[in-house]
Amino acid sequence: MHVKSAEFVKSATAPAHYPENVMPEIAFAGRSNVGKSSLLNVLLQRKSLVRTSSTPGRTQLINFFCVNDNISMVDLPGYGFAKVPKGVKKQWGPMIRTYLQNRPALCAVVVLFDIRRIPRDEDLQLLDWLEEYSIMTIPVITKADKLKRSQHPKAVAEIARATGLPADAFTIFSALKRSGEEDVWELIQTAIEDRGLTLDAQD
Ligand SMILES: Nc1nc2c(ncn2[C@@H]2O[C@H](COP(=O)(O)OP(=O)(O)O)[C@@H](O)[C@H]2O)c(=O)[nH]1
Ligand SMILES: [Mg+2]
C-alpha cells in the first residue's frame, strides 16, 4: 500500500465526539505495550505519528487517524496494564463496546497478540464481542523478532489454542524488522472490499 497521507484526526472517549464515520474504518486493539502504536506507524509509514508510549496503559482515549483521505484508522485504548488505576480499568470495557456498536463503517478490528504471551481475560473478552457483533477480526501476532523463527510455530499454536482461532488465521508481524506489513495491509484491503466499500485513488 502506498501511503500518500496519514493524519491524526482527533481523540475521543464518547460517540458524541467521534468524527463522522464516512470512510471505511479499521480499528486496532490489544493489551497495553503489545506494539499497537508501532504496528500503526509501520503501516502508515510514519516514524511517530502514533505515539509509542513509555507509560503504557495511561491513555484511555480512542484516537482517530485518516489515511490517504479514504481510510479511517483507529487506535483503541489498550488493556491489561497492572499499574493502571482501577477506575481507568473499569472504563475500558464500556468504552470498547460502545465504540464497536457505534461505527457503521467499521470493517474490521486488528487484534494484536504478543508472541511471548498467552492471551487471556480482556483478549478473550474482546474476541467474544467481535464475534457477538459480527465484526471481522484480523488477528496479528507482534514482536515476532523476540523469538527465534524455530520457536514461532509453538508460540502461534499456543495463542491459537487459547483464543480458539485457527493457527493459520494469524499474521506474524515485527515492527522492528518491518515484516508482515504487506500481509496486514492486504487483509485490511480485503476487509474493506468485503464490506462492498472501495478505496479509490490509490496505487
Ligand atoms: N522488539 C520489538 N519491540 C517492539 C515491537 N513492537 C513494539 N515494540 C516495543 O514495545 C514497546 C511498546 O510498543 P507500543 O507500540 O507503544 O505498544 P502499545 O502500547 O500497544 O501501543 C515499545 O518499546 C516498542 O518499541 C516489535 O515488533 N519488536
Ligand atoms: Mg499505543
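Order of listing sets the numbers, starting from 1, for every ligand and every atom in it.
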Distance under 4.0 Å to a non-hydrogen atom of L176: what atoms of ligand 1 satisfy this?
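Listed by number with element: 26 (C), 27 (O), 28 (N).
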Under 4.0 Å from any heavy atom of S174, which atoms of ligand 1 are there?
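So the atoms of ligand 1 that pass are 27 (O).
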As a check for students: among K146, K143, R178, K36, identify the option with a heavy atom nearest to atom 8 (N) of ligand 1.
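Comparing heavy atoms across K146, K143, R178, K36, the nearest one to atom 8 (N) of ligand 1 lies in K143.
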Selected option - heavy-atom contact closest to atom 25 (O) of ligand 1, from P77, G180, A175, S38:
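The residue whose heavy atom sits nearest atom 25 (O) of ligand 1 is S38.
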Check whether any N, O or S atom of N33 sits under 2.8 Å from the Mg ion (ligand 2).
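No, outside the cut-off.
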Taking P77's backbone N and O only, do any of them form a donor-acceptor pair with W92's side chain (distance below 3.5 Å, no angle check)?
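The answer is yes, because a donor-acceptor pair under 3.5 Å joins these two groups.
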Show the atom names and distances, to 0.1 Å, of all donor-acceptor pairs under 3.5 Å that link a side chain in residues 162-171 to residues at least two apart or in another chain.
residue	atom	partner	partner atom	Å
T163	OG1	I159	O	2.8
T163	OG1	A160	O	3.2
T163	OG1	L165	N	3.2

Ion pair D114/R31, N-O distance below 4.0 Å
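Not counted as a salt bridge, because no side-chain N and carboxylate O are separated by less than 4.0 Å.
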Flag the pair V74 / I26 as yes when at least one side-chain heavy-atom distance between them is below 4.5 Å, and no otherwise.
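No, side chains not in contact.
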Side chains of I188 and M73 in contact at under 4.5 Å (non-hydrogen atoms):
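Yes. Closest side-chain heavy atoms under 4.5 Å.
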Any idea which part of K177 is under 4.0 Å from ligand 1, heavy-atom wise: side chain, backbone, both or neither?
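The answer is neither.
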For ligand 1, does N33 get within less than 4.0 Å through its side chain, its backbone, both, or neither, judged by non-hydrogen atoms?
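Looking at N33 and ligand 1, atoms from backbone and side chain both fall under 4.0 Å.
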Is there a heavy atom of G78 sitting under 4.0 angstrom from any atom of ligand 1?
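In this structure, G78 fails to qualify as a contact of ligand 1 - no heavy atom is under 4.0 Å.
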If I apply the N/O under 3.5 Å rule, does S37 come out as touching ligand 1?
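Yes: some nitrogen or oxygen of S37 is under 3.5 Å from one in ligand 1.
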Between ligand 1 and G35, is the shortest N or O to N or O distance under 3.5 Å?
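Looking only at distances, the answer is yes, because the N/O contact criterion of under 3.5 Å is met.
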For E131, which residues count as a side-chain contact (heavy atoms from CB on, under 4.5 Å) partner, sequence neighbours excluded?
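Scan of E131 (side-chain contact (heavy atoms from CB on, under 4.5 Å), adjacent residues dropped) gives none.
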From CA spacing to verdict: side chain to side chain donor-acceptor pair (under 3.5 Å), Y18, R103
CA-CA 9 Å; Y18 297 169; R103 294 309 270 176; over 6 Å; no
